[in-house]
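Let me begin by presenting the structure, written as structure tokens, before commenting on it.
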Amino acid sequence: MLSPSARVSALALLAIVVPAAIVAAIGYVSIRQWEASSELLYREQARDMATMAAEKVEMTLRRAEDAFLDRLQVVLRTEASPTRAIDELLAGAPLIRRLYLVGPGGELRYPRAWQEGDAAVFAPLVSEPARRELERSGKRLVVSGNQICLAALTSRGGEPIVAAFQRDPDILRREILETALGALESPTLIAVLDHEGRTVYSRAPIGDAQRVLAVPFRDALPDWRLAVYQTPGATPREAVRRQVMFFTGALGVLVAVIVTGIVTTWRLMRRETEMARLKSDFVANVSHDLKTPLSVIRMFGETLEMGRVTDEGRRQEYYRVITREGERLTRLIDNVLDFSRIEGGRQTYEMTPTPIEPLVRGTLETFAYPLAQQGFKVEVSVASDLPEVVMDADAVGQALANLIDNAIKYSGDERALTVDARIVSDRLVLSVTDRGLGIPAEEQGKIFEKFYRVGRSDTQGRRGSGVGLALVRHIAEAHGGDVSVESTPGVGSRFALRVPIGRA
Ligand code: ADP
């Protein structure tokens, strides 16, 4: 069965994880749709851009050729023997490579003769059927493959003249394609492919970029195409994938933060409940601890008062019991008061150089009666070379007393106690060893916490408040030292209180 707080945490977790999962699912679906539509949009945009770029190339090319043909027409109309003027015109138009003018009878008007091999290429193009084709299609025609352009002009006498010329591929690349495409704003990778699919021009090296699409040019560059590429990593699909990864990662972090928060809150709640329980145990323990010595004192006091005890030895015994129980009460009340002062941050320590041996022996002395009565074998070993150590003697004495008190309290049949004082690497080490019950390893870290008692409030049937060791640790730390325990259940424990000797 889950505890109420665990149930609340589980519900809270569910209340957050379920909506988070729904958000994640919705996010995933919409990202997928977004991916598909962005791909479509991208292709459409690429197509528009390619069409526009192709248009621009055609326009630039046509404008350059038209300008030349217009000037040629003027020369043909005005000059009786235009050869020289045409030569000059050609010199100023590097795009036009081989120009032939053919008269209505198929006779070559310019230049005087066909260049080597050209007759075979050009003559069929300017033959009668080709002329008719030219007239049908308007004034211009470009032959696919060899890119020879034909134009219908008229001579001075009004005869139809066919002009045929070839474009210079270098000039076409440099002056037409470069001018038209180089200035495009779009960062897209575009290239011009010839009728055999070879790259004639590209804005940047294509490398391993993938072709998105290719659009054909119109009549100025028949069978040529303008292709759009996209570099790997820059595709919309990859951009969306990165978004998906980011979204998933962010969601993961969010869920992790929420889960950590819930777990932490749950732990805190558990600690709070545990603290509340320990506190109520503490009150019960202290009350019980106060009551027992008080009733002993009262009982012995009343017995003595009534004068019933006639034997002097017995009377002395009763007095000792009263004194011992009084001391125990004082120690208990001191512990509780000091503890509350420490909790309230009001505890102060008075540091004075203190001789160690009298402190150790004096503290042990207060336990002489219970030690003797319970038949403890006591060993004290104080190193002979101990210097005076700066400390609050009352506080350290109280810490030592708490350790000795515990050693007595938590001893079983084997009653032996060793108190040892020595210097180990510039620190005074006061250790108390017993052969008592011992402490399980998993509890050893907790016994120094306030109110903590091994095995709950009825710790092995012994009285206690659970603040003794918390106080010892506080006193040790206030002196710049520490306290530690080595213990084996059933064998015994050794508590060591360490205080630096160099602190003035
Ligand atoms: P308490 O008032 O219960 O003695 P302490 O803070 O002094 O409180 O000690 C905490 C717990 O540590 C004790 O309840 C006991 O279970 C355990 N403990 C302390 N000293 C010893 C010891 N010498 N041997 C065995 N257990 C010990």
Side-chain angles (χ1 to χ4, degrees), residues 274-275 277-293 325 327-343 363-364 366-367 370-371 374 376-379 395-420 429-478 482-497:
E274 175 76 1
M275 235 340 134
R277 190 183 61 75
L278 288 175
K279 267 186 191 163
S280 77
D281 283 356
F282 167 74
V283 173
N285 289 334
V286 170
S287 317
H288 187 262
D289 255 17
L290 288 173
K291 248 172 115 173
T292 319
E325 291 301 317
E327 276 167 3
R328 190 206 283 278
L329 266 181
T330 311
R331 210 168 34 245
L332 180 73
I333 291 168
D334 278 351
N335 268 353
V336 174
L337 286 180
D338 284 351
F339 176 74
S340 96
R341 262 200 292 276
I342 287 167
E343 287 284 286
T363 308
L364 205 55
T366 58
F367 292 94
L371 284 171
Q374 292 175 41
F376 265 89
K377 193 169 148 268
V378 182
E379 248 178 70
V396 175
Q398 189 187 9
L400 186 62
N402 280 348
L403 295 180
I404 296 170
D405 190 34
N406 280 350
I408 299 171
K409 237 177 8 182
Y410 302 108
S411 276
D413 296 335
E414 266 220 67
R415 300 195 169 122
L417 171 80
T418 308
V419 181
D420 184 287
V429 182
L430 297 175
S431 66
V432 177
T433 312
D434 62 54
R435 289 200 219 135
L437 308 175
I439 302 153
E442 66 275 12
E443 306 273 5
Q444 288 175 16
K446 302 185 201 157
I447 54 172
F448 297 98
E449 285 169 21
K450 58 186 179 188
F451 310 134
Y452 192 84
R453 308 196 71 218
V454 176
R456 310 269 316 253
S457 57
D458 48 355
T459 297
Q460 293 107 15
R462 282 131 175 110
R463 294 179 299 171
S465 59
V467 297
L469 289 179
L471 212 61
V472 174
R473 183 167 68 177
H474 189 275
I475 292 167
E477 286 171 359
D482 59 25
V483 58
S484 65
V485 63
E486 292 157 27
S487 183
T488 313
V491 177
S493 315
R494 177 178 176 270
F495 283 84
L497 171 69

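Read the numbers this way: they start at 1 and go in the same order the structure lists the ligands and their atoms. Numbering starts at 1 and runs along the sequence shown.
- The CG atom of L469 lies 7.5 Å from the CG atom of N402; values are rounded to the nearest 0.5 Å.
- Ring planes of F339 and F451: perpendicular class, angle over 60° (limits at 30 and 60°).
- Ring geometry for F495 against F448 counts as perpendicular: the plane angle is over 60°, on a 0 to 90° scale with 30° as the lower cut.
- With salt bridges taken as basic N to acidic carboxylate O contacts below 4.0 Å, one links D338 and R341.
- Nearest to atom 19 (C) of ligand 1 by heavy-atom distance, out of N406, D405, N285, is N406.
- For the salt bridge (Lys or Arg N to Asp or Glu O under 4.0 Å) test, residues two or more places apart in sequence or in another chain that qualify with R494 are E486.
- Residue contacts with ligand 1, taken as heavy atom pairs separated by less than 4.0 Å, do not involve V472 at all.
- The shortest separation from a heavy atom of S465 to ligand 1 is under 4.0 Å, placing the residue in contact.
- Atoms of ligand 1 found under 4.0 Å from any heavy atom of G468, numbered from 1 in the order shown, are 5 (P), 6 (O), 7 (O).
- For ligand 1, one of its N or O atoms has an N or O atom of L469 under 3.5 Å away.
- Contact atoms of ligand 1 toward K409: 1 (P), 2 (O), 4 (O) (distance under 4.0 Å to a heavy atom of the residue).
- Between F495 and ligand 1 there is a heavy-atom distance shorter than 4.0 Å.
- Considering backbone and side-chain atoms alike, A470 places every N or O at 3.5 Å or more from each N or O of ligand 1.
- Judged by the shortest distance from any of its heavy atoms, D434 lies inside the 4.0 Å radius around the atoms of ligand 1.
- Only the side chain of I439 comes within contact range of ligand 1, with a heavy atom under 4.0 Å; no backbone atom does.
- If you run side chain to side chain contact (heavy atoms under 4.5 Å, CB included) between T418 and each of V378, V432, T433, D434, only T433 comes through.
- Under a 4.0 Å criterion applied to the non-hydrogen atoms of S493, ligand 1 contributes the atoms 24 (N).
- Of the N or O atoms in G466, one or more lie within a sub-3.5 Å distance of an N or O in ligand 1.
- Using 4.0 Å as the threshold, N402 has no heavy atom nearer than that to any atom of ligand 1.
- To the nearest 0.5 Å, atom OH of residue Y410 and atom CG of residue D405 are 8.5 Å apart.
- Side-chain contact between D281 and R453 is absent, with no heavy atoms from C-beta onward closer than 4.5 Å.
- E343 meets the salt bridge (Lys or Arg N to Asp or Glu O under 4.0 Å) test with K450; sequence neighbours excluded.
- Between the CG atom of D334 and the CG atom of L332 there is a distance of 9.0 Å, given to the nearest 0.5 Å.
- Proximity of Y452 to ligand 1, defined as any heavy-atom pair under 4.0 Å, is confined to the backbone N, CA, C and O atoms.
- The residue E443 has no part lying near ligand 1, judged by heavy-atom distances below 4.0 Å.
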